[in-house]
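Below is one structure, written out as structure tokens; the observations come after it.
Scope of the values below: all heavy atoms of this structure, side chains included, with no hydrogens, waters or symmetry mates. Every chain is numbered from 1 and lettered A, B, ... according to where its sequence line falls, protein lines coming before strand lines.
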Amino acid sequence: GQQLNQSPQSMFIQEGEDVSMNCTSSSIFNTWLWYKQDPGEGPVLLIALYKAGELTSNGRLTAQFGITRKDSFLNISASIPSDVGIYFCAGHAYSGAGSYQLTFGKGTKLSVIP
Amino acid sequence: DAGVIQSPRHEVTEMGQEVTLRCKPISGHDYLFWYRQTMMRGLELLIYFNNNVPIDDSGMPEDRFSAKMPNASFSTLKIQPSEPRDSAVYFCASSFKGVGRYEQYFGPGTRLTVT
């Protein structure tokens, strides 16, 4: 099945810095999603991308659907302590009518140093 | 609007016991997904339903696991008998077949510990 390679696995940054993380696949995806998971909670949907080249923002977060349709990027500007958590990418690859399964990356653990 | 509701939030049980996890999807959503999350394997899809019908259960680890969705607002995941290797966080998620149909919304999870 499809696999998503998410990098980096973890990162430590200073408060106020910008953050970049990415997700790549060997397969073409038609949808990319970015989630954030806080400790003890379920993943929360941050951004959904549906078109190659699409750039979408949600506050300080910006995500892009790569033009090759095999990658996606998430940027966080001016990080704050509450940005701490694990960020997951997820993708949907068309595999037949009615297929609604997502493939998830392993996550990027973000730590923010005040 | 209420999100996905899961119960219990924590479950501790002894090996061999039956465990039942419960989920109420977001009202109006017609897809329901059960996932398991562990440090080693990340998020794994176990099974998903469309309009209460199981569509793909290929992720269910073995016959000890079963899932049902008797109506649009309730689903259960049962493990019988439970084993220590079943210890994980189990998530339920739901989505709506329409614009944004791949956007899955997760519940808070049930942390299962089997001793």
Side-chain angles (χ1 to χ4, degrees), chain A residues 1-10 23 25 27-52 54 56 58 63 65 69 72 85-109, chain B residues 2-10 21 23-26 29-51 53-60 88-112:
Chain A
Q2 298 96 2
Q3 289 188 333
L4 293 182
N5 297 309
Q6 193 170 348
S7 65
Q9 289 186 342
S10 63
C23 207
S25 170
S27 305
I28 290 176
F29 281 69
N30 58 24
T31 299
W32 286 96
L33 306 165
W34 285 92
Y35 288 84
K36 182 193 178 197
Q37 185 175 21
D38 291 328
E41 300 296 331
V44 174
L45 181 63
L46 299 173
I47 294 177
L49 302 159
Y50 286 94
K51 296 180 181 179
E54 180 180 356
T56 298
N58 178 5
F65 193 139
R69 299 174 65 187
S72 180
I86 302 176
Y87 292 80
F88 291 96
C89 63
H92 177 268
Y94 183 76
S95 58
S99 168
Y100 281 74
Q101 296 183 44
L102 296 178
T103 300
F104 281 84
K106 295 293 187 186
T108 293
K109 185 175 182 180
Chain B
V4 175
I5 299 172
Q6 291 187 248
S7 64
R9 290 296 309 274
H10 302 273
L21 311 181
C23 174
K24 176 179 171 56
I26 293 172
H29 281 194
D30 42 17
Y31 280 83
L32 184 140
F33 304 82
W34 281 101
Y35 289 88
R36 178 171 66 178
Q37 186 179 44
T38 61
M39 289 293 291
M40 291 296 294
R41 301 174 68 92
L43 266 169
E44 301 174 276
L45 177 65
L46 301 177
I47 185 172
Y48 77 97
F49 295 82
N50 173 220
N51 291 327
V53 176
I55 301 300
D56 187 343
D57 64 354
S58 60
M60 296 286 261
V89 182
Y90 291 80
F91 289 104
C92 176
S94 69
S95 68
F96 173 66
K97 183 181 180 180
V99 175
R101 56 190 172 274
Y102 303 120
E103 298 170 19
Q104 295 181 18
Y105 294 86
F106 284 76
T110 294
R111 181 173 293 276
L112 174 65

Taken to the nearest 0.5 Å, the spacing of Q101(A) CD from F33(B) CZ works out to 8.0 Å
Problem set entry | Q9(A), CD atom: more than 12 neighbouring heavy atoms under 6.0 Å | no
The interface call for M39(B) against chain A, heavy-atom contacts under 4.5 Å, is neither
If one checks every heavy atom of Y102(B) against chain A at 4.5 Å, the contacting part turns out to be both
Review point. With a 4.5 Å heavy-atom cut-off, do F104(A) and Q37(B) have their side chains touching?
Key: no
Look at the side chain of K106(A) and the backbone N and O of L43(B), then say whether any donor-acceptor pair between them is shorter than 3.5 Å.
no
Chain B shares the most heavy-atom pairs under 4.5 Å, among T31(A), L102(A), V44(A), with L102(A)
Looking only at A48(A), P43(A), G107(A), most heavy-atom pairs under 4.5 Å shared with chain B are made by P43(A)
All heavy atoms of Q104(B) vs all of Y35(A), minimum pair found to be O-OH, 2.7 Å
In short, R9(B) meets G40(A) closest at the heavy-atom pair NH2-O, 2.9 Å
Cut-off 4.5 Å, heavy atoms of chain B, and the answer for L33(A) is side chain
